[in-house]
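Following: one structure in structure tokens, then a few remarks.
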Amino acid sequence: MKNATVFLARRITKVTSPVSTLRYYCSNPSPSSPSRKNRLFVGGLSWSVDEKSLKDAFSSYGEVTGVYDKDSGRSRGFGFVDFSKEDDARCAKDAMDGKALLGRPLRISFALEKVRGGPVVVPRLT
DNA sequence: AATGAGCGT
């Protein structure tokens with residue numbers, strides 16, 4: 001339970017594509033799965049759910065983040081949970097998805113890849 | 001303030 005929250009886990013990918021006569025933007029060639037397996041999106045939360053409640057439910061599996069809204073400080077009704085291992089994420093999802101928390105059924109799915117200052121996904125320009 | 005599918009720092 002001491003794993004640090006990691007937002008930037010991108011590794012340098014070696015570009016082995018032949019030099020094209022067109023663009024040379026440094027976007028990630030790999031399409032990448034739209035969802036990170038190490039992070040879960042937890043929705044369906046009651047408005048009154050706090051981080052503690054979510055932690056209480058997921059602390060056994062990983063870390064809980066992003067429950068509150070930065071703007072209003074209120075609950076957004078969803079949160080995120082970081083895991084060290086995909087297996088833990090899978091386990092937690094399989095174990096908690098659809099379960100009720102504070103009278104409201106949880107909607108758990110793999111989180112999308114959203115990082116502040118993240119690379120802009122450029123669809124194929126050709 | 002109230003909102004009920006969604007995807008954040």
Side-chain angles (χ1 to χ4, degrees):
Chain A
M1 312 94 172
K2 231 182 154 155
N3 46 1
T5 307
V6 180
F7 291 117
L8 309 174
R10 185 174 308 283
R11 78 174 56 177
I12 306 294
T13 15
K14 195 170 296 182
V15 178
T16 58
S17 60
V19 178
S20 175
T21 58
L22 299 177
R23 327 247 192 291
Y24 42 89
Y25 291 117
C26 300
S27 58
N28 246 359
S30 58
S32 261
S33 183
S35 55
R36 280 234 128 148
K37 300 195 186 93
N38 285 33
R39 182 172 291 181
L40 288 184
F41 169 80
V42 183
L45 301 177
S46 170
W47 306 116
S48 315
V49 195
D50 43 2
E51 217 177 52
K52 181 180 167 301
S53 306
L54 209 58
K55 274 181 182 174
D56 200 40
F58 285 97
S59 57
S60 318
Y61 306 98
E63 285 190 1
V64 179
T65 49
V67 176
Y68 293 115
D69 184 16
K70 291 295 292 295
D71 301 326
S72 58
R74 272 168 249 160
S75 174
R76 290 184 284 198
F78 60 87
F80 297 90
V81 188
D82 293 335
F83 299 90
S84 310
K85 301 170 274 293
E86 308 177 4
D87 200 28
D88 290 348
R90 291 263 176 91
C91 178
K93 175 174 175 295
D94 192 58
M96 306 294 296
D97 192 15
K99 302 303 176 186
L101 181 63
L102 269 60
R104 217 60 201 185
L106 265 53
R107 302 165 47 96
I108 305 182
S109 58
F110 291 102
L112 303 180
E113 190 170 343
K114 278 209 171 224
V115 173
R116 180 169 55 96
V120 179
V121 177
V122 180
R124 59 184 66 208
L125 302 172
T126 52

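To find a chain, count down the sequence lines: A is the first, B the second, and so on, and within it residues start at 1. Here the structure is a predicted model, which is why all the values come from computation and not from measurement.
For Phe80(A), the ring pair (Phe, Tyr, Trp, His ring centres under 6.0 Å) partners two or more places apart in sequence, or in a different chain, are Phe41(A), Phe78(A).
Atom CZ in Phe78(A) sits about 14 Å away from atom P in dA5(B), given to the nearest Å. We find that CG of Leu45(A) is positioned 17 Å from P of dT3(B), with the value rounded to whole Å. Taking atom CD of residue Glu113(A) and atom C1' of nucleotide dC7(B), one finds them 12 Å apart after rounding to whole Å. The interatomic distance linking Trp47(A) (CH2) with dT3(B) (P) rounds to 9 Å, in whole Å. Rounded to an integer number of Å, the gap from Lys37(A) NZ to dC7(B) P is 20 Å. In this structure, Leu106(A) places its CG atom 15 Å from P of dA5(B), rounding to the nearest Å.
With dG4(B), dC7(B), dG6(B) as the candidates, the nucleotide lying closest to the side chain of Arg107(A) is dG6(B). For Ser109(A), counting side-chain heavy atoms from C-beta on, the closest listed nucleotide (dC7(B), dG6(B), dA5(B)) is dC7(B). With distances taken from any side-chain atom of Ala111(A) to the nucleotides dC7(B), dG6(B), dA1(B), the minimum falls on dC7(B). Taking only side-chain atoms of Arg74(A), from C-beta outward, the nucleotide of dA1(B), dA5(B), dC7(B) with the closest atom is dA1(B).
Shortest non-hydrogen contact noted between Ser75(A) and Tyr68(A) is N-CD2, 3.8 Å.
Residue contacts for Tyr68(A): at a heavy-atom cut-off of 4.0 Å it reaches no nucleic acid atom on any strand shown. Residue contacts for Gly44(A): at a heavy-atom cut-off of 4.0 Å it reaches a base atom on one of the strands shown. Among the protein residues, Arg104(A) comes within range of no part of the nucleic acid, since none of its heavy atoms lies under 4.0 Å from any strand.
Here salt bridge (charged side-chain N to carboxylate O under 4.0 Å, His left out) pairs that include residues 85-109 of chain A, with residues two or more places apart or in two chains, are Lys85(A)-Asp88(A).
In the hydrophobic clustering of this structure, Leu102(A) does not group with Trp47(A); members are Ile, Leu, Val, Met, Phe, Trp, Tyr whose side-chain heavy atoms approach within less than 4.5 Å, directly or through other members.
Judged by closest nucleotide on DNA chain B, Ser75(A) is the one of Ser75(A) and Phe41(A) placed further toward the 5' end.
Defined by atom type and a distance below 3.5 Å, a donor-acceptor pair is missing between the side-chain atoms of Asp56(A) and Ser53(A).
Judged by atom type and distance alone, Ser35(A) does not reach the base of dC7(B) through any side-chain donor-acceptor pair under 3.5 Å.
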